[in-house]
Amino acid sequence: MRATVMPKAHEVRVENVPDAVIQNPTDAVIRIARACICGSDLWPYNGGPNVEDQRMGHEAIGVVEDVGGEVQTIRRGQVVIMPFAYSDGSCMFCEEGLQTSCVHGGFFGNGGEPGGAQAEALRIPQADGTLYALPVGEDDALMPSLLTLSDVMGTGHHAAVTAQVTPGKPVAVVGDGAVGICGVIAAKRLNAEQIIIMGRHPDRIALAKEFGATDVVSERGKEAIERVRDLTGGFGVHSVLECVGAEQAMTTAMGIVRPGGAIGRVGVPHYGPIDLSTTLFYHNVTIAGGPAPVRAYIDELLPDVMEGLIDPGRVFDRTVDLDGVPDGYRAMNEREALKVMIRP
Ligand SMILES: [Zn+2]
């Protein structure tokens, strides 16, 4: 079968690799119907920690082709969402809805043994706990939005939840990438009234406004912090969704959160210690967030997608086949595409 491999930074190849097969009785094998490229895939692409010949891709919808002997609920032929982390669905953390900390869990497309979803097929460990069977066929018109439940929409929602978005209280979203835009959707969905999007790409800002952003701040650094304060009566926002992971984004987040507020960070942090801890202490600021337990959020978000109340699939502005994946990385890296969908 064919799969996407990143041998080193700035190099993406689609190669022939051994077929995905059942290895453990709790495994399933899915044929990938849709996958996509994540902003976090661009970190290794740009020289972040690389694993030699790393298999890429951690977001997918697939069709179950095979199941191991101990798989109870997942069946051949089902159309399933594959969250970016696999989990057994039964340990203490899974029961608490924190599947990303599952004691038998791990992450796809991260250089580990499970491989990646930007491929023709993938072995899924802990199939019963990991996969979420959908009530639709693989060519359903809702596929783009359903695909976002494997990561980007669940991650935007996690940013909103951990930033304690509360009806009527002001929100700022740092970053206008696909996660930031899903953060706007999530904040609106949780009935925030004022939603400030912080970014500078006109087409992304336009999409964020359609999804409910009320104010735009395109400045950076100190000017950005001042603008947000101006927009919020001088005190900053109650909730900050930090959807980038870069140091400047976190510095901005800490500069615009008001006393008693919260920062929900979902961008993988690419910075060292967090400064301003004394200031944040005296302001009673909560810093929360981490990898989103998207498996837990599907129950909550799926009905809204099925009823058309939210349409996060609009973050995809380009579709490629497997041969087009290397150019998809280039296009996302050059900000020519917001988010690239893959139909193997
Ligand atoms: Zn678990």
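Keep in mind the model is a prediction, meaning the values are calculated, not measured.
- Asp304 places no side-chain N or O within donor-acceptor distance of the main-chain N or O of Ile310, the cut-off being under 3.5 Å.
- Heavy-atom minimum distance, Val244 versus Gly175: CG2-CA, 3.7 Å.
- Distance alone, capped at 3.5 Å, places no donor-acceptor pair between the Ser239 side chain and the Val171 backbone.
- Looking only at side-chain heavy atoms (C-beta outward), Met198 and Arg227 stay at 4.5 Å or farther from each other.
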Anything under 3.5 Å between a donor and an acceptor, one on a side chain of residues 93-117, the other on a protein residue two or more places apart or in another chain? List them.
{"unit_1": "Thr100", "atom_1": "OG1", "unit_2": "Pro291", "atom_2": "O", "d": "3.4"}
{"unit_1": "His104", "atom_1": "ND1", "unit_2": "Asp88", "atom_2": "OD2", "d": "2.7"}
{"unit_1": "Glu113", "atom_1": "OE1", "unit_2": "Arg123", "atom_2": "NH2", "d": "2.6"}

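- Residue Leu207 is grouped with residue Phe316 when hydrophobic side chains (ILVMFWY) are merged at heavy-atom distances under 4.5 angstrom, including chains of intermediate members.
- Of all non-hydrogen atoms in Val14 and Pro326, the two that sit nearest each other are CG2-CD, 4.0 Å.
- Residues Ile37 and Val320 have side chains not in contact (no heavy-atom distance under 4.5 Å, counting atoms from C-beta outward).
- Smallest separation of non-hydrogen atoms from Leu131 and Arg295: O-NH2, 3.2 Å.
- Between Asp128 and Glu70, the shortest heavy-atom contact is OD2-O, 4.0 Å.
- Hydrophobic clustering places Val173 together with Val161 (ILVMFWY residues linked when any side-chain heavy atoms are closer than 4.5 Å, directly or through intermediates).
- Side-chain atoms of Asp176 come within 3.5 Å of backbone atoms of Arg200 as a donor-acceptor pair (strictly under, hydrogens ignored).
- At a threshold of 4.5 Å between side-chain heavy atoms, the hydrophobic network of Ile, Leu, Val, Met, Phe, Trp and Tyr places Leu134 and Leu142 in one connected group.
- In this structure, Arg314 satisfies the cation-pi test against Phe211, with its NZ or CZ atom closer than 6.0 Å to the six-membered ring centre and inside 45 degrees of the ring normal.
- Here the shortest heavy-atom pairing between Ile61 and Met143 reads CD1-SD, 3.6 Å.
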Under 3.5 Å, which donor-acceptor pairs link side chains of residues 260-273 to any protein atom two or more places apart or in another chain?
{"unit_1": "Arg265", "atom_1": "NH1", "unit_2": "Tyr271", "atom_2": "OH", "d": "2.7"}
{"unit_1": "His270", "atom_1": "ND1", "unit_2": "Val268", "atom_2": "O", "d": "2.7"}

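- Applying side-chain contact (heavy atoms from CB on, under 4.5 Å) to Tyr132 and the options Leu149, Val80, Leu302, Val79 leaves one that passes, Leu302.
- Arg55 places a side-chain heavy atom less than 4.5 Å from the side chain of Val5.
- Looking at His58, its side chain never comes within 3.5 Å of a backbone N or O of Pro83 through a donor-acceptor pair.
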- Yes or no on side chain to side chain contact (heavy atoms under 4.5 Å, CB included) for Leu241 and Val165, after CA distance, side-chain angles and deciding distance? CA-CA 9 Å; Leu241 283 59; Val165 169; 4.0 Å; yes
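- With hydrogens and angles disregarded, no donor-acceptor distance shorter than 3.5 Å links the side chain of Ser87 to the backbone of Ala85.
- In this view, Asn16 and Arg2 satisfy the side chain to side chain contact (heavy atoms under 4.5 Å, CB included) rule, not counting sequence neighbours.
- Contact annotation: the side chain of Ile287 approaches that of Met250 to within less than 4.5 Å [non-hydrogen atoms, C-beta and beyond].
- With rounding to the nearest 0.5 Å, the separation of CD1 in Ile205 from CD1 in Ile197 is 5.5 Å.
- With rounding to the nearest 0.5 Å, the separation of CE in Met306 from CG in Asp140 is 6.0 Å.
- Between the side chain of Asp41 and the backbone N or O of Cys38, at least one donor-acceptor pair lies under 3.5 Å.
- The environment of CZ in Arg75 is sparse: at most 12 heavy-atom neighbours from other residues, nucleotides or ligands sit within 6.0 Å.
- Using a 4.5 Å heavy-atom cutoff, the side chains of Cys182 and Val315 are in contact.
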Take Val174 and Val240, measure what side chain to side chain contact (heavy atoms under 4.5 Å, CB included) needs, and give me the verdict at the end. CA-CA 7 Å; Val174 182; Val240 185; 3.8 Å; yes
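- Atom CD in Glu120 sits 6.0 Å away from atom CG in Leu322 (nearest 0.5 Å).
- To the nearest 0.5 angstrom, Thr148 atom OG1 is 12.5 Å from Ile181 atom CD1.
- Here the closest heavy-atom approach between residue Ala9 and residue Asn46 is recorded as CB-C, 4.5 Å.
- Residues Ile256 and Val217 fall within the same hydrophobic cluster, defined by Ile, Leu, Val, Met, Phe, Trp and Tyr side chains chained together at heavy-atom separations under 4.5 Å.
- Here Arg258 contributes atom CZ and Thr232 contributes atom OG1; the two are 8.0 Å apart, rounded to the nearest 0.5 Å.
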> Run the side chain to side chain contact (heavy atoms under 4.5 Å, CB included) check on Arg204 and Arg335 step by step: do they pass?
Replying inline: CA-CA 10 Å; Arg204 301 176 182 196; Arg335 304 293 185 266; 3.8 Å; yes
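- Tracing side-chain contacts under 4.5 Å through hydrophobic residues (I, L, V, M, F, W, Y), one never reaches Leu338 starting from Ile342; they form parts of separate clusters.
- Note: Ile81 CD1 to Glu59 CD = 12.0 Å, rounded to the nearest 0.5 Å.
- Side-chain contact between Pro44 and Met56 is present, with at least one heavy-atom pair separated by less than 4.5 Å.
- Side-chain atoms of Ser218 come within 3.5 Å of backbone N or O of Gly199 as a donor-acceptor pair.
- For the pair Arg343 and Asp139, the salt-bridge criterion is met [side-chain N within less than 4.0 Å of a carboxylate O].
- Annotation: side chain of Asp66 is in contact with side chain of Arg76 (closest heavy-atom distance under 4.5 Å).
- Here the side chains of Asp327 and Arg318 are in contact, with some heavy-atom distance below 4.5 Å.
- Salt bridge status for Arg330 with Glu336: present, with a side-chain N to carboxylate O gap under 4.0 Å.
- No donor-acceptor distance shorter than 3.5 angstrom exists from the side chain of Thr4 to the backbone of Ala119, with no hydrogens or angles considered.
- Using modelled atom types, one side-chain atom of Glu242 and one backbone atom of Gly245 make a donor-acceptor pair closer than 3.5 Å.
- Arg229 places a side-chain N or O within donor-acceptor distance of the main-chain N or O of Gly255, the cut-off being under 3.5 Å.
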